[in-house]
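Proteins come first, then strands; the chains are lettered A, B, ... in the order of their sequence lines, and each starts at number 1. This one's a predicted model, so the numbers in the text were calculated from it and none came from an experiment.
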Amino acid sequence: MTQIRLTNTRTRRKEDFVPIDPANVRLYLCGPTVYDRAHLGNARPVLVFDLLVRLLRHEYGDRAVTYVRNFTDVDDKINAEAQRRRAAGSDLSLEALIAERTEETIGWYHADMDALGALRPDHEPRATAYVGQMVAMTADLIAKGHAYEAEGHVLFDVRSFPDYGQLSGRSVDDMIAGARVEVAPFKRDPMDFVLWKPSSDDLPGWDSPWGRGRPGWHIECSAMSAALLGPHFDIHGGGIDLQFPHHENEIAQSCCAHPQAGFANVWLHNEMLQVEGKKMSKSLGNFFTVRDLLDRGVPGEVIRFVMLSTHYRKPMDWTETKAQEAEAVLRRWHGLVAGIEPATSPAPALIEALADDLNAAGAIAVLHDLAGREDAAGLLASARMLGLLLPGMGEWAQADGEAAGQIEALLAARLAARQARDFGRADAIRDGFAAAGVEVKDTAQGPEWSLAAGFNPARLADLARTHGT
RNA sequence: GGCGGGUUGGCGGAGAGGUUACGCACCGGAUUGCAAAUCCGUGAAGACCGGUUCGAUUCCGGUACCCGCCUCCA
């Protein structure tokens, strides 16, 4: 068994991972707010956790890991979208419009993450299904003196939790000095945050001891993780931008509600995604979703490869060049493992790389080594450990029947030209292949071909029209 | 203002206090009608300034620059 080591944001150190219960390793990942398509940055924590889950299952057994990722379906952006649809003339009720929107978005999310080869979590709780637990937890926090009611709101009293700020390395006083906090007059302390807030009649709401309202954002993860994983579990994660305030607030709520439990042992945060060296944002015009890339013909497997090639704790830069290089590598590997059965286990060096704080880039180097030694069975088994070269994943790298027919005809034409010593024509076909993104290797057994990155069916068809037989 | 991350060879990107990362590109050779692919081989690094050390790109301190968070955000 390989000792897994993970960098724990809470302690800022790389630590040996020791599960609370090796027969049931429990993880929670903060999932998406379901109001729109997942953008590329949303995919990063999903892939980090996907890799982690695969590793944990490899070490502790397939049934010994419980992976929870929530859907946030209570949110003002969702409400705004539903209100917009109703204003646009929809006859449906607000609740129905919200349900419609969230269902649609969850379907998109599943399709997009599936395309990246990400395993579905064991549980995907929706916030709306746990409002009762959130109300109960809120009431409990009031009873324990950690929260108070004010003007229909329930607020968490940060001064009642001395460790507040420990995760993100801030003190309440420092943050107030920074003073960019919404100052609501009914707050005892500017850093106090909302557990429950009132809903007007045109917003979704649930009955509660504090009137009709809806939960604040942070309480859902505290309630759902407790319900599905218990008050003490192994790993909790998300993007580094969630470290504060979301995760800080989760810790405050959960630790105060369950003082002896300890909440999450390990906090795992991935760094942010950039695009061509800049923050991805709508204003810079470099904002795109996973679906945008897939629709543009970038295979999910390529996106996954690029994502894995940068360590999760470093900023990851998405560039067109990386996508092309990844595509070329994957095409080569697909060719190498075609028709091969995977080895019984992944390469030990690959597991060691992953166990060392999910060093996926190091793991990919191991794959290059296996490929270089033409260990196709080992390459396949190891790549699958990373969620690459999975069955059915490489269809994008295969030529369809039409292209294959054209290529075969052109190869025959080239052979005929060479035998006739018409090297001008032979070279024209050769250059045409290169321009169309078809790689031809002349071996002792005759030509072998494969599609390269940037394969262009239209150019191939032109070439076939000009030189085909 | 507070907090955090980064800076490695032409590009991407890891690990390790002293021994080749790796991939792509480049260069030389083999091979080829010419190429491609392949094989063999050569180069090439760790922002800057100090410190610790026999020895640091790797540890410590400082400086510069880049990025992010502190407000919805993965």
**OP:** Pick base, sugar-phosphate or nothing for A/Q274, based on heavy-atom distances below 4.0 Å to the nucleic acid.
**Re:** sugar-phosphate
**OP:** Verify whether one side chain among A/E408 and A/W449 offers a donor that lies under 3.5 Å from an acceptor in the other.
**Re:** yes
**OP:** Could you please name the option among B/rA21, B/rA37, B/rC69 that lies closest to any side-chain atom of A/A365?
**Re:** B/rA21
Original post:
Any side-chain donor paired with an acceptor under 3.5 Å for A/E271 and A/H311?
Top reply: no
Subject >> Contact under 4.0 Å: A/K322 side-chain N or O vs B/rC24 OP1/OP2 >> reply: no
Subject >> Any donor-acceptor N or O pair under 3.5 Å, side chains A/Q406, A/H467 >> reply: no
Original post:
Can you tell which of B/rA74, B/rG33, B/rG4 lies closest to the side chain of A/F423?
Top reply: B/rG33
Original post:
Would you call A/V68 and A/L27 a side-chain contact if the rule is heavy atoms closer than 4.5 Å?
Top reply: no
Original post:
Considering only B/rG6, B/rC22, B/rA74, which nucleotide approaches the side chain of A/H368 most closely?
Top reply: B/rC22
**OP:** Could you tell me the separation between the CD atom of A/E250 and the NE2 atom of A/H218, rounded to the nearest 0.5 Å?
**Re:** 9.0 Å
Subject >> Euclidean distance, atom CD of residue A/E439 to atom C1' of B/rU38 [Å, nearest integer] >> reply: 12 Å
**OP:** Just call it for A/R69: base, sugar-phosphate, or nothing, with non-hydrogen atoms closer than 4.0 Å on any strand.
**Re:** nothing
Original post:
Can you tell me how far C1' in B/rG46 sits from the matching atom in B/rG6, rounded to whole Å?
Top reply: 13 Å
Original post:
Base, sugar-phosphate, or nothing: which does A/R418 touch, judged by heavy atoms less than 4.0 Å apart?
Top reply: base
**OP:** For B/rA14 and B/rA56, measure between their P atoms and round to the nearest Å.
**Re:** 25 Å
Original post:
Where the side chain of A/R12 is defined as all heavy atoms beyond and including C-beta, which of B/rG4, B/rA14, B/rG5 is the nearest nucleotide?
Top reply: B/rG4
Subject >> Whole-angstrom distance between B/rU42 and B/rA36, as gauged at atom C1' >> reply: 23 Å
**OP:** For A/H39, report the nucleic acid contact type (base, sugar-phosphate, nothing); a contact means any heavy atom under 4.0 Å.
**Re:** base
Subject >> Donor-acceptor contact below 3.5 Å, side chain A/Q3 vs main chain A/F17 >> reply: yes
**OP:** Taking atom P in both B/rA35 and B/rG28, compute the distance separating them and give it to the nearest angstrom.
**Re:** 12 Å
**OP:** Specify the residue among A/H311 and A/R44 whose closest nucleotide of RNA chain B lies further upstream toward the 5′ end.
**Re:** A/H311
**OP:** Using a 4.0 Å heavy-atom cut-off across all strands, classify A/N359 as base, sugar-phosphate, or nothing.
**Re:** sugar-phosphate
Original post:
Any N or O donor-acceptor pair linking the side chain of A/D427 to the base of B/rG33 at under 3.5 Å?
Top reply: yes
**OP:** Give one of base, sugar-phosphate or nothing for A/F244, where a contact means two heavy atoms less than 4.0 Å apart.
**Re:** sugar-phosphate
Original post:
Considering only the C1' atoms, how many Å lie between B/rU52 and B/rU58, rounded to the nearest integer?
Top reply: 14 Å
Original post:
If the C1' atom of B/rC26 is compared with that of B/rG17, how far apart are they to the nearest Å?
Top reply: 32 Å
Original post:
Without hydrogens or angle criteria, can the side chains of A/D317 and A/Q274 be said to hold a donor-acceptor pair below 3.5 Å?
Top reply: no
Original post:
Taking the side chain of A/P45 as its heavy atoms from C-beta onward, which of B/rG5, B/rC24, B/rA74 lies nearest to it?
Top reply: B/rA74
Original post:
Can A/T72 and A/E220 be counted as having a side-chain donor-acceptor contact under 3.5 angstrom?
Top reply: yes
**OP:** May I ask you to verify if any side-chain N or O of A/R425 is less than 4.0 angstrom from the OP1 or OP2 atom of B/rC34?
**Re:** no
Original post:
With a 4.0 Å cut-off on heavy atoms, is A/D442 in touch with a base, just the backbone sugar-phosphate, or nothing at all?
Top reply: base
Original post:
Base, sugar-phosphate alone, or nothing: which one does A/G238 contact when heavy atoms must sit under 4.0 Å apart?
Top reply: sugar-phosphate
Original post:
With a 4.0 Å cut-off on heavy atoms, is A/T310 in touch with a base, just the backbone sugar-phosphate, or nothing at all?
Top reply: sugar-phosphate
**OP:** Decide whether A/N42 and A/Y109 meet the rule of one side-chain donor and one side-chain acceptor closer than 3.5 Å.
**Re:** no
Original post:
Checking all strands, does A/L29 fall into the base, sugar-phosphate, or nothing category for heavy-atom contacts under 4.0 angstrom?
Top reply: nothing
Original post:
For B/rG46, does the glycosidic angle fall within 90° of 0 (syn) or outside that (anti)?
Top reply: syn
**OP:** Can you tell me, in whole Å, how much space there is between the P of B/rU7 and that of B/rU57?
**Re:** 15 Å
**OP:** Could you work out the separation of B/rG29 and B/rG43 based on their C1' atoms and round it to a whole Å?
**Re:** 15 Å
Original post:
In terms of the nearest nucleotide of RNA chain B, which residue is placed more toward the 5' end: A/Q243 or A/A426?
Top reply: A/Q243
Subject >> Pairing annotation in dot-bracket form, given for RNA chain B with Watson-Crick or G-U pairs under 3.5 Å and | for cross-strand partners >> reply: (((((((..(((.....[...)))..((((.......)))).....(((((..]....))))))))))))....
